[in-house]
Amino acid sequence: MSDAKNNDRHIGSGGAAANDEGRFEEGIQGLTARPFGRRRFLKAAATTAFAGAAATMLASCSPQTQSDQADGGEGAGSTGQPEHDAIVRTVCAPNCVGSCGINAYIKDDTIVKVEPADFPNEAYHRICLRGISNAMQRVYSPDRVKYPMRRVGERGSGEWEQISWDEAIDLIHENMQKNIDEYGPESNAFISMTGNYGVYSQVMSGLLAATYDGTQLTNFGIMGDNACNMGFLPILGVQQDASCWEDMMGSKTAILFGCNYAETNMQEMHFLFDAQEAGMTLVVVDPRFSRTAAKADWWIPIRPGTDAALVLGMMNHIVSIEAVDEAYIRTYTNGAFLVDTSTGALVRIDGDYAVWDEVEGVAVKVAAVPDDMKPAYPSVTVSGELPENTQVPESAALYGEFTVDADGGSVTAKPAFQLLVESLDEYTPEAASEICEVPAEDIIRLAEMYVNDTPARLHVSQGTNRYWNGHLPTRALCQLAAITGNIGKQHANINWAGGTLMRFLFSLGPSSLSPREGHGASALPGSQWYDLVAAQQPHPIKFLWTQNYGWGTQGPDRNKLINEVLPQLDFVVVSEQMMTPGAELADLVLPITSYYEEDFQVVPAWSSMYIQVRDRAISPQWEAKTDYEIAQMLAERFGILEETEWRLDAKEYARIHLFEENLAPEFSTMDFDELCEKKVLAANFSDNYVAFESMRFATPSGKIELYTESLVEFGEQLACFYEPLESNRKEKADTYPLTFMNCRTVYTTHSQHAPLAWIREVAPEPWLEISPEDAQERGIETGDVVEVLNDRGSYKVKALVTSEIKPGCVNQRQGWWPKDFVEGTHYSSLLHMELNPAQDAISETNYSPYDNLVEVRLA
C-alpha cells in the first residue's frame, strides 16, 4: 500500500473556518460578480484563471523544498517541474461539461502535479481549480470510502463495519437473489447519474439491470436536464444539438437564455470573449446578474420561468414588421401544411400532407421525407436527393383559410403558419412585458437586434430548463429561429448542448446495453422513483443500487425521501468515492476509483466534438474498484460471467460494443487503435460543425415542425406560455412570495468538490443571495442566519444581500451538503417533483428545482 494510503493525508494548507464571520464577509465580497470594466479577460482566462490562483498551493504540495523550487529541483532540469517517474494523459470528467484533458505527473505511484493536456485544437487546452483540487485532494482525501462498508446501526446513524469485497459481493447476491425469488427480478432497481462522464459510469445501471432482468430507473428527468430536450424534440426531432464553439467567430449577435457559461462552462467562455473582441454583441437574459451577465453588452433581468413569454413577444414584433423568411418557412418547415381547424389535426390527402397552391387554387399533396433519407439522430448523415413529391411548391399559401377535400371529407383548414401568427396575437410586446417584467421597448429592441444584426445565434441552457414549464422557452426559441431562417445557418442556429457526450450515449446499439443475451431491463421513469418506490407500484422495488449519483443532496423533497421512500427499500447499495449524504443512508457502500485509478474508460464531452480515453495513472487507492470490475465480480458470483459480455475486459468491450457496433457512423468509423494511442480524437463530424446543416430533420415530416400535431390535446401544438407551477403570481405566493433558485457555482460541480480544502479557501461556506429590497422588508443584513421555508420543509443559512439578483427571487448556490448548513438542514427539502402532463407526453417530466416558492425570515 502506498504512503498516500497509509497517511490518509490532505495535500495543501487546509480550508478556511466555516464559521469565521469576518472571513465570510470578506470571501463573499470577493465572490460576487462585478463587471471588469472592459469585458476582455486574456484569451485563456476561463481556462487558466483558477490554475494561476492555485499555483502557490500546488507548489506547497510539491515534494520539493523551497530551495529546490528555486532552482527547479533535483532531477527537474530547467523545466521547474517536480520530480516524476511518468506523465500520464488522463481526463477530468465530472459533469462540469468540459471533459478536460489532464497530464498527471506521477512519482512513486502518487500524483504530484496536474496540468492541461494537449488537444488537436489548443482552444480546448485548459484546467481549473476544481480539476486541480479533485486530483490533488479528493483522490487522497481521508474522507474517501476506502473499503466496502456495511451498515450496522440504524440507517443514517453513521455506524459501519469494514468488510471484504467477497463479503460485499455475497451481500449483494444474497439480497438480489432473495428479491428475485420472492418478488421477481424487477424488484431489483438500478440508477446511474453523471458524476463521472465516462461511458461505463453513465450506462452502468442499464447494464446491470439488463443482466439481471431488473428495473432501470431513467435519469434525464430526475437530473433536471430534460426540459430543453423536450423543447427540441417536437420541432426538430432531436434531443439536443449545437454548432461547435468555433462557429461563434463570425456571429454578430448572441442571445443567451439561462446560460451562465462563465461559471458552468467556464472552460469555453473564451470563445465568447474572442467573438466579442471580433465585434459580436453578447446579450444575457437571466434573473441574476451572473458572472456571464457581468461580461455581456446587455443584461436583461427577467421574471423567473417566463422566458417563453419574452420570446413570443419578440416573435409578435418580428411578424408585425414582416421580418419573417417566408421562402425558408415554406421550404424547410411545415408552416404551409394545412390544419383542420375543427380538430387541430394536419390535413391528409391519400395519407400525404396537404398545402394550398395559390396559383392552382387547390390543395395539393406533399409527401413526408422517407425515413431512410432523414438523419438518424444522433448521426447527421443523410443520403440521396429528396423526391419531388416531398417539395413544397413555391406558390404554397402561408396565410388564409380554405375549404379542402381531404381524407374523411371536406374540412375548413388554415396553413400552420397562419395559426402560428394568430397564436402570437396575445403576446404583443406590451402583453409579454406584463408577464416577464422586461420593458416592452426592450423586447422590441431585442427582436430587431436579432433580425438585423446578423448572423445571430440563440443559446439556451439549464437556467430555463429547471422550471415545471421549462420546455416552453426552448420550444419558443426553436420557433423564433425557424421563422427567421436561422436554423442550419452558419454563425446562427438555436444552440443547446451539442458535443459528443449525449450523441455517443444515444447512439449505443442494443448489443452494447445487453451484456446477457436473452435478458433485459424494465425501464421506469426516474422522475417518479420516489412515488414508485413509496407505493411499491407498478411492482415491488426492494433493492436499489446507485452509481455516480449524489441523491442525498441533488434531488427533490428530502423529507419524503427519508420518511416515505427509504423505509420501503430492504437494501440500498451506493457506489461512491466519498461518504456522501446519500451514502450515509445506504446499507452497503462500495469504494469506487477516481478518474486517475480507472483501468480504461471512454470519455465523450458535453460541449466539444472530441472523444478521449482514460488509462490508469495511479494504482487504485485503498481497496477501490471500478464500476466495471464490480459488475464482473457480481456476474462471477451469480455464475454467469462466461455466458455474458462481462467476460470481456473494459477495453475490448469498448472496441466491439461502444465503437464497432455504434449506430452513428460518426463514431463507428473512428479508428479505435488510434484513439487508444493518441488518447484524444475528434469524432467524424464535419470540421467547424454547424447544427442542422443538412436541413433534414428526424421529425414525422422530415421538416422543422412549427406545428406539432401530437400535442394538440395539451394546447401545445405551437409554442406557448403558461405560468410556472409555483409562480409568484399564484395564490401560494401570498404565503411564500419568493422564487427559490439553486444555481450551480464556479467553485464546485454540484456536490462533488464542495468538501475539498482548496475549494473551501475560496468558498468557505454556503450563503443565500437576496435582493436589498427583499432583505430590507424582512430586516435581513448580510451575514444574518435566516430560515428559508415552504410547506415542504425548511433550512437555515447565512444571507448575502446583493443587487445582483432580481427582487422577488432568492438563490442558494447549490452543491453544499447538510453538514454545511446550520443545524444540518438542507435546501433539497423545499423542492418538489410534480409531473407535467405535456412533458410526460413528449418524454419524461423534468425535475424543476428552480420552480419553488419560499419565504425567508430571520432565524
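Values reported hereafter were calculated over all heavy atoms of this structure, with side chains retained and with hydrogens, waters and symmetry mates removed.
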task: Could you walk me through whether Y850 and F740 pass the ring pair (Phe, Tyr, Trp, His ring centres under 6.0 Å) test, one step at a time?
output: CA-CA 6 Å; Y850 300 178; F740 179 78; 8.9 Å; no

- prompt: Rounded to the nearest 0.5 Å, how far does CG of L207 lie from CD of Q216?
  reply: 8.5 Å

Is a side-chain donor-acceptor pair under 3.5 Å present for [Y] with [X]?
{"X": "W817", "Y": "T580", "value": "no"}
{"X": "E598", "Y": "T593", "value": "no"}
{"X": "T845", "Y": "D840", "value": "yes"}
{"X": "Q752", "Y": "T749", "value": "no"}
{"X": "S192", "Y": "Q547", "value": "yes"}
{"X": "Q621", "Y": "R144", "value": "no"}
{"X": "H753", "Y": "N134", "value": "yes"}
{"X": "T218", "Y": "E844", "value": "yes"}
{"X": "S668", "Y": "N662", "value": "no"}
{"X": "T211", "Y": "W646", "value": "yes"}

Out of [options], which one pairs with [X] under the side chain to side chain donor-acceptor pair (under 3.5 Å) rule?
{"X": "N188", "options": "D213, N179, T215", "answer": "N179"}
{"X": "Q612", "options": "Q601, R89, K679", "answer": "R89"}
{"X": "Y795", "options": "R558, Q812, H826", "answer": "Q812"}

task: Could you check whether the rings of F506 and Y377 sit parallel, tilted or perpendicular, using 30° and 60° as the cut-offs?
output: tilted

field: Residues which pass side chain to side chain contact (heavy atoms under 4.5 Å, CB included) with Q814, listed by chain and number, not counting sequence neighbours
entry: Q554, N742, R744, H750, Y827

- request: Show your reasoning for whether ring pair (Phe, Tyr, Trp, His ring centres under 6.0 Å) applies to W496 and W606.
  value: CA-CA 10 Å; W496 157 234; W606 179 273; 5.6 Å; yes

- request: Taking the side chain as every heavy atom from C-beta outward, state whether L585 and V574 have any pair of such atoms under 4.5 Å apart.
  value: no

- request: Would you sort out whether Q528 and D531 count as a side chain to side chain donor-acceptor pair (under 3.5 Å), showing the intermediate values?
  value: CA-CA 5 Å; Q528 298 179 38; D531 291 335; over 6 Å; no

message: I'd like to know whether the aromatic ring centres of H539 and Y183 sit less than 6.0 Å apart in this structure.
response: no

query: Under 6.0 Å between ring centres, would you say that holds for Y212 and F543?
result: no

- request: Mind checking ring pair (Phe, Tyr, Trp, His ring centres under 6.0 Å) for Y530 and listing every partner two or more places apart, or none if nothing turns up?
  value: none

field: Sole residue of S201, P94, S575 in side-chain contact (heavy atoms from CB on, under 4.5 Å) with N548
entry: S201

